[in-house]
Number of protein chains: 2
Amino acid sequence: MKRTAQDIEYSQDTLTISKFAKALGHPARIIILKHLSNQSCCFTGDLLEVLPLAQSTVSQHLKELKEAGLIEGEVNPPKVKYCIHSENWQLAKGLFADLFKEDFSKISCC
Amino acid sequence: MKRTAQDIEYSQDTLTISKFAKALGHPARIIILKHLSNQSCCFTGDLLEVLPLAQSTVSQHLKELKEAGLIEGEVNPPKVKYCIHSENWQLAKGLFADLFKEDFSKISCC
DNA sequence: ATTGTTCATCGCAAATGTACGATGATTATT
DNA sequence: AATAATCATCGTACATTTGCGATGAACAAT
């Protein structure tokens, strides 16, 4: 991937929402987030019972969600509790709501 | 990527939102969608003036958005008009709103 | 007929993503 | 001290994504 001088042209909001979206771009990570958000609060790798994936793979997905800022992990040996990162969750909610604010429910095109 | 028998385990909603999210997972595509959604309606490769990318690359991003169902293209030679795919736009809006419906704005964790 | 415009697609290169098993680190329990 | 449980990380394999230039297809205007 050649990169030129120009790739700095995106606004912060654009970068932020695309980062969140990218993290949401895999069904396993959607499942994880839905679990965390239902489970009024924290959670851990009981996810393994829900996801048809190896433990290491789930761990990797959790890492990506953490790096995207959507969740946070709290070590609680020998377990780890994962929670929704409330601040960024609100941020994401707002950014997506803003993206989809236009309503094209009536005949829209052209 | 080894695939085993189990990868069929995701619900339709989960697959759908992750497909949309994946398509939103790149800043260039966010820009494109914002343009289409502001521009009350259709559009074409004036996107080239907005995006720091080669024409072929932009075309590829448009293709991905089309395949994800978020936009549709209408040939109008020698140009192509792109529009938000209203039905799927509404669907996406609903799915994201549902995902983020829980409110973690007050102290949430554990 | 030739030329120009607009756009998609192909082929390539490099980067990232997805998945797994194996191994290791940490702590609790025996 | 030894074992078990929980989770992260490493290494590997393969797929997908991202980007570009080059080429081609479709049509309009000359």
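Proteins come first, then strands; the chains are lettered A, B, ... in the order of their sequence lines, and each starts at number 1.
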Mind checking whether [X] and [Y] have side chains closer than 4.5 Å, heavy atoms only?
| X | Y | answer |
| --- | --- | --- |
| B:Ile30 | A:Asp13 | no |
| B:Leu65 | B:Tyr82 | no |
| B:Tyr10 | B:Thr16 | no |
| A:Leu99 | B:Lys93 | no |

Is there a donor N/O on one and an acceptor N/O on the other, under 3.5 Å, for the side chain of A:Gln60 and the base of D:dA8?
-> no
Of all heavy-atom pairs linking A:Leu53 and A:Ala28, the shortest is CD1-CB, 3.8 Å
Please report, rounded to the nearest Å, how far the [atom2] atom of [N] is from the [atom1] atom of [X].
| X | N | atom1 | atom2 | value |
| --- | --- | --- | --- | --- |
| A:Glu9 | D:dG19 | CD | P | 13 Å |
| A:Glu74 | C:dT27 | CD | P | 14 Å |
| A:Asp46 | D:dT6 | CG | P | 9 Å |
| A:Leu53 | C:dG21 | CG | P | 11 Å |
| A:Glu67 | C:dT16 | CD | P | 13 Å |
| B:Ile30 | D:dT18 | CD1 | P | 12 Å |
| A:Tyr82 | D:dT6 | OH | P | 14 Å |
| B:Gln55 | D:dT18 | CD | C1' | 15 Å |

Residue B:Ser59, side-chain atoms from C-beta onward, closest of D:dC20, C:dA19, C:dA8 | C:dA8
Taking only the side-chain heavy atoms of B:Lys79 (C-beta and beyond), determine which of C:dT6, C:dA8, D:dT18 contains the nearest atom.
-> C:dT6
Report yes if a side-chain nitrogen or oxygen of B:His61 is closer than 4.0 Å to either non-bridging phosphate oxygen (OP1 or OP2) of D:dG19; otherwise report no.
-> yes
Do the side-chain N or O atoms of A:Thr57 get closer than 4.0 angstrom to the phosphate oxygens (OP1, OP2) of C:dA19?
-> no
With DNA chain D as reference, determine whether A:Ser56 or A:Lys22 sits nearer its 5' end, using the nearest nucleotide of each.
-> A:Ser56
